[in-house]
Amino acid sequence: MKPTTEPHASNFIREIVADHVEAGTYGGRVATRFPPEPNGYPHLGHGMTICLNFGLAQEFGGQTYLRFDDTNPETESEEYARALEEAVRWLGFEPVEVRYASDYFEQFYAWAVDLVKKGLAYVDSQSEEAIRANRGTVTEPGTPSPYRDRPVEENLRLLDEMRRGLHPDGSHVLRARIDTEHGPMAHPNMKLRDPLMYRIRRDAHHYRRGDTWAIYPLYDWAHGQGDAIEGITHSICTLEFDVNRPLYNWYLDAIGIPEPRNHQYEFARFNLDYTVMSKRKLLRLVEEGHVAGWDDPRMPTLAAQRRRGVRPEALRSFFQSLGVTKVNGSIELQQLEYAIRDDLNHIAPRVMAVSRPLKLIVDNLPEETAWIDAPYWPHDVTPPTHAPTSRRVPLTRELWIERDDFSEDPPKGWRRLAPNTEVRLRHSYVIRCTGVEKNDAGEITAVRTEADLSTFDPATGEGQNPEGRKVRGVIHWVSAEHALRAEFRLYDRLFTDPNPGAHEDFLSVINADSLVATEGFVEPSVEDDPADTRYQFERLGYFWQDPEDSTPDALVFNRIVALKDTWGRVLKAETGHHKLTGYDAQLIVHRNPVLRDPASGLSDAERATYDALVDRGVGEEEAAVLAAEDALRDLFEQVVSAHDTPREASVLLVHDLRPALGDRALADSKATPEALATVLRLVEADTLTRNAAGEVASVLVNDGGDAQTIIAERGLAAVRDDAALAPDIDAVLTEHPDEAARYRAGEQRLIGFFMGQVMRRVGKGADAKAVQTLLRERLDA
RNA sequence: UGCCCGAUGGUGUAAUGGCAGCACACCACUCUUUGGAAGUGGUUGUGGAGGUUCGAAUCCUCCUCGGGCAACCA
């Protein structure tokens with residue numbers, strides 16, 4: 001495996017893959033796929049999926065296919081497919097091969113014929129409406145189609161005719177014929193009510209297959225099979241497909257794909273605040289002209305982020321920071337912005353630009369231009385190798401400064417220029433404001449200043465503070481004579497509400513100021529740089545030239561991301577303007593504790609059983625479980641008849657045996673009543689600790705056998721005498737002197753830490769009470 | 001309302017019965033020729049109620065809340 005720079009943060013899917021690799025489930029092989037439908041431009045969500053799939057395979061020495069899920073000719077196109085492919089490469093990944101679901105159509109069809117022959121699929125000739133109506137609802141079962149038992153020969157003939165385009169759209173479909181214990185068309189999972197496999201699209205033109213096919217497979221009848229054909233091991237998709245998983249497996253069973261085969265795992269897609277991510281909504285933004293196109297830098301598409309100037313490194317680190325879970329949530333914009341800044345900070349040379357110019361005149365400077373050798377990098381950034389470390393910046397009497405950097409009536413905390421105050425010109429003199437010039441309208445047209453010539457030496461680039469005073473403010477500037485004219489495009493969030501999708505019309509919360517274009521100036525040095533140089537314009541943010549619109553004669557700079565703005569925060573707080581990011585206080589619902597009857601959910605008959613159990617000494621919670629679960633209660637009675645301690649038996653069965661079962665039925669348990677009774681006897685006799693009893697129960701469930709043997713084999717017999725425990729306790733105390741000191745200093749809760757350490761050393765046989773007594777004795781001594 | 005999935009500070013995510021940690025955000029301070037970066041410190045959390053256990057974010061029960069599923073979309 002080739003080492004990567006970014007560490008692999010773990011997540012639940014990675015754990016599964018790692019377990020499979022270690023267990024050799026697929027012979028150590030890992031194969032993933034990125035399976036987009038080419039019906040839209042890829043966005044950040046796709047980026048996450050790309051990084052997950054490719055990253056996982058990369059880490060475990062596996063491979064990843066790019067597979068276009070092009071089963072719907074009506075919405076898909078070559079343009080989208082190319083954009084998707086480009087996005088993968090831009091993010092830094094190379095598919096082992098590019099595949100198309102449409103290349104598998106012949107194989108899918110052969111499998112479909114096979115299913116028909118097996119009686120597992122049929123041609124349904126109901127209308128679309130009838131099919132929908134007969135599917136039932138989430139709460140009511142559906143009705144089997146009158147064509148469900150159509151003879152195999154007829155199905156075969158019709159399917160062939162459908163394929164050859166002999167039937168109009170909508171006249172027939174091919175459906176899977178799924179029988180379960182719930183009866184036909186009655187499974188609580190709607191996906192399992194005879195799902196459609198093929199629909200007729202006679203006149204649709206597929207962008208790759210042309211007109212060769214008159215029928216097209218649906219998602220479920222394509223995806224798992226595509227995975228199987230490619231030998232995918234881990235098929236990762238988003239959460240909403242979890243209900244499709246049983247069908248995914250049903251189809252694989254039906255066509256006879258043996259284990260070890262592809263399996264589906266789901267994770268939560270992420271939402272980003274102040275953004276929409278659905279293809280439909282993005283399409284509307286583009287088509288209705290709310291943005292300039294799919295790659296408008298305000299869009300969450302990868303093309304847009306790229307054009308904006310975001311680097312793939314930043315996105316990869318952002319996705320990494322997000323993690324992979326099954327929790328539906330929303331990411332704050334700052335998390336993305338942090339990743340972008342963090343990436344740019346160490347690769348972007350610092351230069352000066354003025355986005356909203358104001359003329360400033362330094363009256364006591366000489367006429368001739370002074371050229372200052374100004375460092376590209378701040379003291380705390382190590383420049384990339386081979387990067388130039390400085391450039392020449394012209395200093396003249398007339399400069400442009402930022403309009404926001406001067407105030408006639410500065411607010412509290414102002415560290416910029418104001419009448420009679422001093423400020424440092426970045427890389428140059430300390431200047432003092434001596435006056436302002438205004439036009440007839442009273443607007444400031446120029447600021448007049450004088451430089452303290454002792455504070456800077458243009459020849460050496462050395463500067464020092466004036467005698468006895470510390471100048472805190474620093475402002476950036478460009479020479480009015482030498483600066484290059486430029487347009488600056490300042491981007492902000494596209495919406496004013498963190499969750500635009502929650503509004504009936506998401507366009508109602510569109511941010512009118514999401515793009516502000518200004519005319520300003522940039523220092524002349526940029527003229528000599530490669531056009532794709534990413535800069536930090538000091539005190540403004542990270543910028544680069546727009547790759548579409550910028551030309552040497554008409555420079556256009558995109559603001560990739562603003563700098564973190566502590567001053568802006570202070571100002572807004574003081575002026576009472578609430579930050580856009582502020583959330584409404586969450587509604588706190590205080591619920592009164594209610595006294596609950598554990599038996600409240602039981603039927604009358606179960607209630608009687610429950611009462612009887614409680615009378616025999618069984619705890620209420622346990623009694624409720626036993627009353628509701630007949631099989632478990634039968635076992636309970638058998639255990640009790642072997643050893644008559646109902647309370648203890650109920651605890652063992654409900655809290656130890658049942659969880660050990662997991663998803664399996666009780667019938668799969670290998671634990672005999674007699675063995676369980678023995679466990680109870682041993683606990684009663686203090687030969688077995690309660691902790692170890694759970695362990696024994698778990699082994700009994702999985703492997704059967706008798707309690708005594710298991711205890712002997714695993715060394716689970718109770719250990720409680722001081723002599724046996726002392727060595728381990730002493731060892732733990734010696735290994736953790738710091739914790740011991742903290743405990744003695746009053747951090748009593750650390751007893752839990754020590755307990756854990758000792759228990760881990762001795763094993764489940766250790767008697768917790770004895771350990772604790774001994775531990776306290778030692779620690780208090 | 002049937003089935004499925006989920007719930008840890010404001011946000012994202014760790015802790016796999018044993019010290020509730022990390023990052024973003026926020027606040028304060030240090031440093032600073034970027035109100036950047038960096039550094040130090042701090043505020044804030046296991047949805048609720050019971051149960052099991054020496055010990056529960058973790059296991060069990062019920063409740064609450066959120067999401068998904070009834071396209072000839074994927």
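These numbers come from the heavy atoms of this one structure, side chains and all, not from hydrogens, waters or symmetry mates. Lettering of chains follows the sequences in order, A, B, ..., and the numbering in each one begins at 1.
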Is the closest basic N to carboxylate O distance between A:R539 and A:D405 below 4.0 Å? yes
Parallel, tilted or perpendicular, as decided by the 30° and 60° cut-offs, for the rings of A:H172 and A:H167: perpendicular
Do A:D767 and A:T689 have a side chain donor and acceptor closer than 3.5 Å? no
Any idea how A:F537 and A:Y535 line up, ring-wise: parallel (<30°), tilted (30 to 60°), or perpendicular (>60°)? parallel
Using only side-chain N and O atoms of A:Y338, determine if any of them is under 4.0 Å from OP1 or OP2 of B:rC24. yes
Counting only side-chain heavy atoms from C-beta out, which of B:rU34, B:rC73, B:rU53 sits nearest to A:L218? B:rC73
Would you please classify the geometry between the A:Y248 ring and the A:H223 ring as parallel, tilted or perpendicular, with 30° and 60° separating the classes? tilted
Touch class at under 4.0 angstrom, heavy-atom based, for A:G413 against every strand present: base
Proximal nucleotide (of B:rC26, B:rC69, B:rU61) relative to the A:R658 side chain: B:rU61
Report the relative orientation of the aromatic rings in A:H187 and A:H182; use parallel for angles under 30°, tilted for 30 to 60°, perpendicular for over 60°. perpendicular
Using the side-chain heavy atoms of A:E621, tell me which of these nucleotides is nearest: B:rU33, B:rA25, B:rG51. B:rG51
Residue A:H655, side-chain heavy atoms: nucleotide from B:rC26, B:rA37, B:rC59 that is nearest: B:rC59
Can you tell me which nucleotide in B:rC3, B:rA23, B:rG36 comes closest to the side chain of A:R350? B:rG36
Taking atom P of B:rC26 as reference, at what distance in whole Å does atom CZ of A:R569 sit? 4 Å
What closest approach, in Å, do A:A623 and A:L613 show between heavy atoms, and which atom pair accounts for it? O-CD1, 3.7 Å
Of all the nucleotides listed (B:rG68, B:rU52, B:rC60), which has the minimum atom distance to the side chain of A:E240? B:rG68
Does A:R690 pair with A:D656 as a salt bridge, N-O distance under 4.0 Å? yes
In whole angstrom, what separates A:F319's CZ from B:rC24's P? 19 Å
For a quick check, tell me whether the side chain of A:R539 and the base of B:rU34 share a donor-acceptor pair closer than 3.5 Å. no
Residues A:D452, A:R469: salt bridge by 4.0 Å N-O rule: yes
Dot-bracket for RNA chain B, please. Rules: Watson-Crick or G-U, both distances under 3.5 Å, ( ) within the strand, [ ] when a pair crosses earlier ones, | for another strand, . otherwise. .((((((..((((....[..)))).(((((.......)))))....(((((..]....))))))))))).....
Base, backbone or nothing for each nucleotide of nucleotides 12-20 of chain B, written B, S, -, heavy atoms under 4.0 angstrom, 5' to 3'? SSS-B-BBS
From the candidates B:rU32, B:rU34, B:rU52, the one with an atom nearest any side-chain atom of A:E622 is B:rU52
With centres under 5.5 Å and planes under 30°, do A:W567 and B:rG35 count as stacked? yes
Once hydrogens and angles are ignored, does a donor-acceptor distance under 3.5 Å link the base of B:rU34 to the side chain of A:Q536? yes
Is there, by distance only and without an angle test, a donor paired with an acceptor across the side chain of A:R472 and the base of B:rG35 below 3.5 Å? no
From B:rC73, B:rC72, B:rU1, nucleotide with atom closest to A:V138 side chain: B:rU1
Please check if atom CZ in A:R761 has more than 12 non-hydrogen atoms from other residues, nucleotides or ligands closer than 6.0 Å. yes
Looking only at side-chain atoms of A:V173, point me to the closest of B:rC72, B:rG68, B:rU32. B:rC72
